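Worksheet for the structure shown next.
Computed over heavy atoms, backbone and side chain alike; hydrogens, waters and symmetry mates excluded. On a predicted model such as this, the values are computed, not experimentally measured, just so you know. Just follow the structure's listing: the first ligand is 1, and inside any ligand the first atom is 1.
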Amino acid sequence: MGATYDAVIIGAGMGGLSCGTLLAKEGLRVLICEQASKPGGYCVNFKRNGFTFAPAVHYLNEFGPTGQMNEAFQTLGISPEIEFCPQDPQRRIITPQFQLTLSTDIDQFERDLIHLFPKERLSIHAYIEEWKKFVKSIEGLPLKSLEVISPKEKLQLLYKGILKAPLLIRYRGKTSQAVLDSFFKDPLLKYLLSFGARKGSSILNCASPIFWALTGNFYYIKGEGVEALPQLFLRQYQAYGGELSCNTLVTKIQVERGEARGVQIDGGEEIRSRYVISNGDSHATFHSLIGKHLLPNRFIQKLRQKEISAPIFTLYAGVDLDLAQMGFDGSLIHYYPFMDDNPWEEKDGGEFDVSKEKMAIRMDSIKNPMLAPKGKHTIAVAAYTPYELFADGETVNPRYTQIKEEIAQKIIGATEQVIPGLSSHVLVQDASTPLTYERETLNTHGATMGWYLSAKEFSRIRSQRTPIARLYQAGHWTFPGGGIPMVILSGINAAKLVLKDMRKFTNKFRVPLLSPKELL
Ligand SMILES: Cc1cc2nc3c(=O)[nH]c(=O)nc-3n(C[C@H](O)[C@H](O)[C@H](O)COP(=O)(O)OP(=O)(O)OC[C@H]3O[C@@H](n4cnc5c(N)ncnc54)[C@H](O)[C@@H]3O)c2cc1C
């Protein structure tokens, strides 16, 4: 690790890696400081007794032939050496009463829904037609920040976004609840089509699965799973000369006269840099790494008002069941053990019961056999679980281990309705609580996607600049939002902002681009 850099990036999540790769490609001297022992953030694998599990990422969008990742990979100079395979069907929905499949054959999904809810026939048809129109209208609309595109691109974006996609304007600030209420009466149908949306959720929750089905935009990585992605980025980043320092916790962002000038790492060492990009959690970046006293009050107040995305509990099991022979094909299963006729009601820690929550069941080793020993399989089951069950502020619940085990057992019990005999075939078992996710990635309360994308937050145009000059954000706490493709775009946008500001600065002061004096 040297002492001076053009840019220091805090965190080697996919947002940080993407930002670093573009900056290094453009010839900047870049250092990524990552507190974990390897890069990837949430996009990693871990092993237990010969089984490989992914704690978070299990599907990828925008990686197909027409997806936005093609341009992103070109921009970064990365050749997609790994195999992205379509997941079709996208998901199987299982409830105690019925089963449904959501695939690229969306008309079949419509027929199946009508069969189950015949009274809502016309509304179901109108609903699916509306999303078909919506998808068509936003085809080819790039997700680029207005801050980095040329005036010509801005005009094109406005033309496509406003004139050609009126549905985008119509639904921009709407909640999933409002949209579903405007189409349907049956509460169970609304619950099903909410796809896990919370009170106040933007339309992304209810619409995305239908969009992905319509466009076939749902992929997985063949072979060793999701960790191949950060490794691919890392190789290219390092080929451009980028440096990565793992096990390096950033404890402070150095601010001088309102400008970021580098970072301090655990142990006190200072690393000077012209630009700092935070791929970490927004709360930590502004409250701990900078400090309230250096930030405008209005900004701090706004941060306080924002909600974070819902945390998840994931149970992992390595089993000696032949899942393929039992009829499973490796598609994602959304299991609804309980059909809630009031999905918008928020449940606090006291009345929370995980056995009633929607569960996402993955059996990744069916499609990627190298994830499990021969003849055995991996199962991961994820469900929403409140953070407050495990910790109260800074204090970990003294019953943490017991609660974790109780929840794991409840999830196994519920999953047995889908995978009969599961409990007596578990060879390896582990679990991630929201606290585990928080500890591993430093995302507050184990937030899955950064800020909660409420309808209000969704309709806001977010900047990747911060009140501190030369400090930017990249990743799921900023534009455009959560999920792997979004944070890759976020990283690219942040890098473009740095390059743009660098040119502006260089022109203004007529100094060489990488003046060593400027660095010190
Ligand atoms: C359970 C779960 C399931 C998910 N499923 C999917 C899915 O299927 N598909 C999908 O696209 N998305 C999914 N997501 C969301 C996706 O994983 C995230 O949106 C994305 O990985 C965030 O990437 P990021 O680069 O913004 O940050 P992160 O992945 O959070 O990485 C941030 C990195 O910064 C490091 N860091 C933070 N602070 C510091 C510091 N002070 N010093 C040094 N290092 C620091 C952290 O250690 C971490 O490595 C899921 C998330 C979860 C939790």
- Query: Considering only heavy atoms of Gly41, which atoms of ligand 1 have at least one such atom less than 4.0 Å away?
  - Reply: 29 (O), 31 (O), 48 (C), 49 (O)
- Query: Heavy-atom distance to atom 41 (N) of ligand 1: which of Asn443, Val250, Val44 wins?
  - Reply: Val250
- Does some non-hydrogen atom of Cys33 fall short of 4.0 Å from ligand 1? yes
- Query: Take atom CD in Glu416; do more than 12 heavy atoms of anything else shown fall under 6.0 Å from it?
  - Reply: yes
- Task: State whether the side chain of His445 and the backbone N or O of Asn443 hold a donor-acceptor pair below 3.5 Å, judged by distance alone.
- Result: no
- Message: Taking atom CG as the centre, does Asp329 end up with more than 12 heavy-atom neighbours from other residues, nucleotides or ligands that are less than 6.0 angstrom away?
- Response: yes
- Say whether Ile265 and ligand 1 are in contact under the criterion: heavy-atom distance to a ligand atom below 4.0 Å. no
- Message: Checking side-chain contact (heavy atoms from CB on, under 4.5 Å) between Val263 and each of Val276, Thr251, Ile9, which is the one that passes?
- Response: Val276
- Please say whether Met449 places an N or O atom under 3.5 Å from an N or O atom belonging to ligand 1. no
- Task: Look at atom 49 (O) of ligand 1 and say which protein heavy atom is nearest, naming residue and atom and giving the distance to 0.1 Å.
- Result: Glu34 OE1, 2.6 Å
- Message: Give me the nearest non-hydrogen protein atom to atom 18 (C) of ligand 1 as residue plus atom name, then the distance to 0.1 Å.
- Response: His476 ND1, 3.4 Å
- Message: Checking the N or O distance criterion of under 3.5 Å, is ligand 1 in contact with Leu249?
- Response: no
- NZ (Lys292) with more than 12 external heavy atoms under 6.0 Å: no
- Item | Closest approach of any protein heavy atom to atom 12 (N) of ligand 1, naming residue and atom | Gly483 CA, 3.5 Å
- Can you tell me how far the OG atom of Ser145 sits from the CG atom of Leu489, to the nearest 0.5 Å? 11.0 Å
- With a 4.0 Å heavy-atom cut-off (strictly under), which part of Trp477 contacts ligand 1: side chain, backbone, both or neither? neither
- Query: What protein heavy atom sits nearest atom 29 (O) of ligand 1, and how far off is it?
  - Reply: Tyr42 N, 2.9 Å
- Query: What's the shortest distance from atom 31 (O) of ligand 1 to any protein heavy atom, and which residue and atom give it?
  - Reply: Gly13 CA, 3.4 Å
- Heavy-atom count around Lys38 NZ within 6.0 Å, excluding the residue itself: above 12? yes
- Message: Under 3.5 Å between any N/O of Pro55 and any N/O of ligand 1: does that happen in this structure?
- Response: no
- Message: Pairing donors with acceptors under 3.5 angstrom, does anything connect the side chains of Gln35 and Thr248?
- Response: no
- Message: Minimum distance, heavy atoms only, to atom 32 (C) of ligand 1: which one of Thr314, Asn279, Leu442 is it?
- Response: Asn279
- Query: Between the side chains of Glu357 and Tyr336, is a donor N or O closer than 3.5 angstrom to an acceptor N or O?
  - Reply: no
- Which atoms of ligand 1 have any heavy atom of Gly475 under 4.0 Å away? 26 (O)
- Query: Which atoms of ligand 1 sit under 4.0 Å from any heavy atom of Ile10?
  - Reply: 39 (C), 40 (C), 41 (N), 42 (N)
- Query: Going by distance alone, is a donor N or O of one side chain under 3.5 Å from an acceptor N or O of the other, for Tyr275 and Asp501?
  - Reply: no
- Query: If only atom types and distance count, is the side chain of Asn217 paired as donor or acceptor with the main-chain N or O of Glu62 below 3.5 Å?
  - Reply: yes
- The closest protein heavy-atom partner of atom 8 (O) of ligand 1 is His58 N, 2.9 Å
- Task: For atom 43 (C) of ligand 1, grab the closest protein heavy atom and report residue, atom and distance to one decimal in Å.
- Result: Gln35 N, 3.3 Å
- Task: Go through ligand 1 atom by atom and flag the ones less than 4.0 Å from a non-hydrogen atom of Tyr437.
- Result: 1 (C)
- The closest protein heavy-atom partner of atom 25 (O) of ligand 1 is Gly15 N, 2.8 Å
- What distance do Leu229 atom CG and Leu60 atom CG have between them, rounded to the nearest 0.5 Å? 6.5 Å
- Val487 and ligand 1 - part of the residue with a heavy-atom distance under 4.0 Å: side chain
- Measure from NZ or CZ of Arg362 to the centre of the six-membered ring of Tyr316 and say whether it is under 6.0 Å with the direction within 45° of the ring axis. no
